[in-house]
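Scroll down for the structure; my scribbles are underneath it.
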Amino acid sequence: MPYYGHRCATVPQRHRDAWWVCTACMPDFVPKCGLCSAVAPIVDRQPGFVGHAYGHLCPACVARVKQAGPWRERRARAAEARRDALRARFPGLAVVRAAPAVIQLAGEIDGRRVEVRLRLTTRQDCNDRHVFHVQHDVGTLDAASLELPEGLRSKLARGSPTYTQTAVRWLRVAFAHLGKLDTVVALEHLLARTRPPAS
């Protein structure tokens with residue numbers, strides 16, 4: 001159905017020629033590419049509707065996505081890139097589990113235990129989830145006192161951070177999705193915020 005839902009519920013006469021926008025209900029709406037935000041150009045008009053070239057992805061992004069391969073393969077490669085970036089920055093981390101749904105790293109950094117779980121979603125329309133466990137023996141941090149940079153703060157999962165206790169006391173922080181560099185920045189920041197006070 002290549003037209004946008006709108007209040008007056010009129011239907012364009014021609015469906016397949018373009019992505020149609022009702023000029024009465026949505027006069028200022030212009031479709032954009034969901035990846036690069038390129039504005040969809042107007043390619044046609046009919047009574048009450050303006051037709052745009054695309055409604056979701058621009059042709060360039062469609063070609064790029066198709067060239068990159070199926071989404072499961074792309075996500076697996078992205079998770080491996082995050083894994084490699086973390087291991088390059090923190091040599092003390094080692095892969096302790098590698099499964100289709102999760103890559104888990106664990107180790108010791110600056111005398112503290114650390115675990116990172118890179119969870120891969122099994123649904124195309126869902127974000128991956130990245131969970132960090134950092135040993136934090138003294139004090140308690142909440143979302144505000146973590147003082148995350150804006151790019152990380154907006155991706156903090158609901159209800160995070162929390163604390164759990166096993167062999168050590170863990171600060172657990174989950175993010176809905178992080179890029180490769182943000183994954184490294186997030187762990188660097190959590191290590192800095194949980195550093196024991198100087199004696």
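From a predicted model like this one, the values you see are computed outputs, not experimental measurements.
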* **Crowding at NZ, Lys180 (>12 non-hydrogen neighbours, <6.0 Å)** => no
* With Phe90 via ring pair (Phe, Tyr, Trp, His ring centres under 6.0 Å) - residues at least two apart -> none
* Ion pair Arg112/Asp137, N-O distance below 4.0 Å -> no
* Of all residues at least two apart in sequence or in a different chain, which pass the side chain to side chain donor-acceptor pair (under 3.5 Å) check with Ser160? -> none
* To do: Would you please name every residue forming a side chain to side chain donor-acceptor pair (under 3.5 Å) with Arg64, sequence neighbours left out?
  => none
* Asked: Between His52 and Trp20, does the ring centroid distance fall short of 6.0 Å?
  -> no
* Val39: hydrophobic cluster co-members (side-chain, 4.5 Å) -> Val30
* Asked: What residues, two or more places apart in sequence or in another chain, satisfy salt bridge (Lys or Arg N to Asp or Glu O under 4.0 Å) together with Arg83?
  -> none
* **Non-hydrogen atoms of His136 and Leu171 that approach each other most closely** => CB-CB, 4.1 Å
* **salt bridge (charged side-chain N to carboxylate O under 4.0 Å, His left out) contacts touching residues 88-99 (sequence neighbours left out)** => Arg89-Glu188
* Is Leu146 linked to Val131 within one hydrophobic cluster, defined over Ile, Leu, Val, Met, Phe, Trp and Tyr using a side-chain heavy-atom separation of less than 4.5 Å? -> no
* Asked: What heavy-atom pair brings Arg82 and Gly179 nearest, and what distance separates the two atoms?
  -> NE-C, 3.8 Å
* Asked: Can you hop from Phe175 to Val102 via hydrophobic side chains spaced under 4.5 Å?
  -> no
